[in-house]
There are 2 protein chains.
Amino acid sequence: MARVGLTAERLTRAGAELADEAGFDQVTLSALARSFDVKVASLYSHVRNSHDLKTRITLLALEELADRVSAAVAGRAGRDALAAFADAYRDYAREHPGRYAATRFALAPEVAAASAGGRHAQLSRAILRGYHLREPDQTHAVRMLGSVFHGYISLEAAGSFSHTAVDSQESWDWTIDSLDALLRTWTTDTTTADRTGR
Amino acid sequence: MARVGLTAERLTRAGAELADEAGFDQVTLSALARSFDVKVASLYSHVRNSHDLKTRITLLALEELADRVSAAVAGRAGRDALAAFADAYRDYAREHPGRYAATRFALAPEVAAASAGGRHAQLSRAILRGYHLREPDQTHAVRMLGSVFHGYISLEAAGSFSHTAVDSQESWDWTIDSLDALLRTWTTDTTTADRTGR
DNA sequence: TGTATTTGCCTAAACCCTATAGGCAAATTA
DNA sequence: TAATTTGCCTATAGGGTTTAGGCAAATACA
């Protein structure tokens with residue numbers, strides 16, 4: 001019985017590819033075993049179980065994505081940085097839908113703490129640095145940006161924006177412009193009363 | 001063999017409850033059969049298959065949610081309407097996490113066309129009526145609002161906002177205020193160049 | 001280099017979920 | 001009351017997960 005040379009890493013990479021091709025929830029140990037022409041039970045020497053495999057794919061995706069976002073925003077500021085940041089997420093989601101879906105997988109707290117999740121949070125705050133927000137506004141803004149981008153990406157992936165004639169790219173640009181404008185109002189004018197006009 | 005009196009409707013309602021308790025992807029025909037103390041095969045007389053059941057739960061959730069949102073925004077305008085709209089979605093997601101998750105289930109195009117999805121789109125546009133946006137800005141704004149609210153709700157549900165001391169309710173209010181302010185800039189000043197300051 | 005140990009992949013088996021076919025009895029209709 | 005429809009059943013097959021235990025290939029060590 002020749003050995004195929006499985007490792008947790010190879011399984012994780014193959015799992016990530018399968019996720020992109022068939023969807024993250026189609027990633028099963030059975031499918032993976034088939035793709036390596038190996039019996040399912042053999043995989044249990046390398047990953048603890050199905051959940052463990054998904055966790056590993058999630059960690060891989062979080063790292064990859066953080067690397068991309070990090071490279072995209074390097075040397076940029078203001079609207080430029082904001083757009084690069086947003087595009088990095090969206091492009092990744094479009095190129096790697098399964099991996100992007102994996103980044104939504106609920107990790108165990110200890111695992112999450114050791115993941116690239118922290119880098120994402122830092123990157124988000126780095127983008128806002130140029131807008132000079134004070135706490136707690138900065139936290140509010142981090143949450144809002146995360147919400148908009150993640151929301152847009154998932155609705156777009158679900159096909160929610162393909163019913164009308166308006167191009168999705170236009171709405172995306174409009175959204176980034178709007179967020180930039182919004183954040184800039186905070187830069188120069190920091191009282192809520194004035195900002196909201198109430 | 002006494003009959004239990006199953007119907008597609010009863011299965012759908014029980015499925016929705018199960019979704020809220022255990023998660024939408026824990027909704028299985030097996031679990032449902034157990035809860036009715038009936039054999040699994042019996043369910044196939046009432047629903048075509050597992051996918052059909054999930055579709056029915058999705059349609060139920062979309063209707064319920066549209067009813068709630070519709071009632072919430074009735075008689076309101078401006079920021080008031082915007083907040084009522086947003087809160088209706090968020091409250092529903094918090095009270096019925098499984099049903100809210102169901103609203104993200106990908107429906108077949110014909111089914112989606114006959115669903116309450118259209119009502120949601122109309123409600124969204126109704127909110128914007130008070131801000132007097134022209135096309136295609138209105139469409140952009142509809143997409144942005146959908147993105148923010150859906151994104152916020154799903155990130156919040158995933159626990160993404162429970163790592164810092166800042167209260168999630170505050171960020172939510174801040175976000176709604178920000179969106180209101182943003183939309184109001186469009187009301188009085190409609191050229192992109194001026195709005196973004198580029 | 002030969003032997004001991006570890007490690008990788010295997011078979012076997014149990015459990016759960018989905019789905020179809022075909023049967024019998026309860027409910028409905030005539 | 002008889003005929004028909006309908007609801008729930010048993011049986012069966014297929015796919016995914018997971019554990020236990022075995023044999024052989026790779027590795028370590030004398």
Side-chain angles (χ1 to χ4, degrees), chain A residues 1-60 98-99 101-102 104-108 111, chain B residues 1-60 98-99 101-102 104-108 111:
Chain A
M1 290 142 192
R3 296 192 179 188
V4 185
L6 300 178
T7 62
E9 286 66 38
R10 287 189 66 194
L11 290 175
T12 305
R13 305 217 153 269
E17 277 161 38
L18 177 58
D20 287 335
E21 287 157 20
F24 185 60
D25 39 50
Q26 296 304 308
V27 175
T28 66
L29 291 179
S30 292
L32 223 47
R34 271 194 298 276
S35 80
F36 280 102
D37 203 37
V38 142
K39 299 295 171 184
V40 196
S42 307
L43 305 191
Y44 285 84
S45 306
H46 305 282
V47 294
R48 249 199 326 282
N49 50 35
S50 185
H51 187 276
D52 179 36
L53 173 68
K54 285 180 176 162
T55 295
R56 288 168 189 269
I57 296 173
T58 298
L59 293 174
L60 170 72
R99 294 175 206 216
R104 300 292 119 205
F105 184 69
L107 296 174
V111 179
Chain B
M1 291 142 190
R3 297 191 179 189
V4 183
L6 300 178
T7 63
E9 286 66 40
R10 287 188 66 194
L11 290 175
T12 305
R13 304 217 152 270
E17 276 161 39
L18 177 57
D20 287 336
E21 286 157 20
F24 185 60
D25 39 50
Q26 295 305 307
V27 175
T28 66
L29 291 179
S30 291
L32 223 47
R34 271 193 298 277
S35 80
F36 279 103
D37 202 36
V38 143
K39 300 295 170 183
V40 194
S42 307
L43 306 191
Y44 286 85
S45 307
H46 305 280
V47 294
R48 251 200 323 281
N49 50 35
S50 185
H51 187 276
D52 179 36
L53 173 68
K54 285 179 176 163
T55 294
R56 288 168 188 270
I57 295 172
T58 298
L59 293 174
L60 170 73
R99 293 176 207 216
R104 301 290 121 207
F105 184 68
L107 295 174
V111 179

pair B:R99-B:E17: side-chain heavy atoms closer than 4.5 Å | yes
Would you mind reporting whether A:T55 and A:V47 have side-chain heavy atoms less than 4.5 Å apart?
-> no
Here the gap from B:R48 atom CZ to B:L43 atom CG, rounded to the nearest 0.5 Å, amounts to 15.0 Å
Atom-pair distance (CD on A:Q26; P on D:dG15), nearest Å = 14 Å
Tightest non-hydrogen contact, residues B:L6 and B:V38, listed as CD1-CG1, 4.0 Å
How close or far is atom P of C:dC10 from atom NZ of A:K39, stated in whole angstroms?
-> 7 Å
Quickly work out the B:R3 CZ to C:dC24 P distance and round it to whole Å.
-> 15 Å
Whole-Å distance, B:D37 CG to D:dC8 P, equals 12 Å
Axis-to-axis angle across the helix from C:dT1-D:dA30 to C:dA30-D:dT1, five pairs each end, nearest 10 degrees, ~ 10°
Given atom NE2 of A:H46 and atom C1' of C:dC10, what is their separation to the nearest angstrom?
-> 12 Å
Any protein N or O atoms within reach of nucleotides 18-21 of chain C? Criterion: under 3.5 Å, listing atom names and distances.
{"from": "C:dT18", "atom 1": "OP2", "to": "B:L29", "atom 2": "N", "distance (Å)": "3.0"}
{"from": "C:dT18", "atom 1": "OP2", "to": "B:S30", "atom 2": "N", "distance (Å)": "3.0"}
{"from": "C:dT18", "atom 1": "OP2", "to": "B:S30", "atom 2": "OG", "distance (Å)": "3.3"}
{"from": "C:dA19", "atom 1": "OP2", "to": "B:Y44", "atom 2": "OH", "distance (Å)": "3.4"}
{"from": "C:dA19", "atom 1": "OP2", "to": "B:S50", "atom 2": "N", "distance (Å)": "2.8"}

B:L32 CG - C:dC16 P separation (whole Å) | 17 Å
Between B:I57 and B:F105, is any pair of side-chain heavy atoms under 4.5 Å apart?
-> no
Touch class at under 4.0 angstrom, heavy-atom based, for A:L43 against every strand present = nothing
A:F36 versus A:R10: any side-chain heavy-atom pair under 4.5 Å?
-> yes
NZ (B:K54) and CG (B:L29) are apart, to the nearest 0.5 Å, by 8.5 Å
Non-hydrogen side-chain atoms of B:D37 and B:V4 separated by less than 4.5 Å = no
OP1 or OP2 of C:dG8 under 4.0 Å from side-chain N/O of A:S42 = no
Close side-chain approach of A:R13 to A:L60, heavy-atom, < 4.5 Å | yes
Starting at atom CZ of A:R10, determine the distance to atom C1' of C:dC9, rounded to an integer number of angstrom.
-> 14 Å
Between C:dC16 atom P and B:R34 atom CZ, what is the distance in whole Å?
-> 8 Å
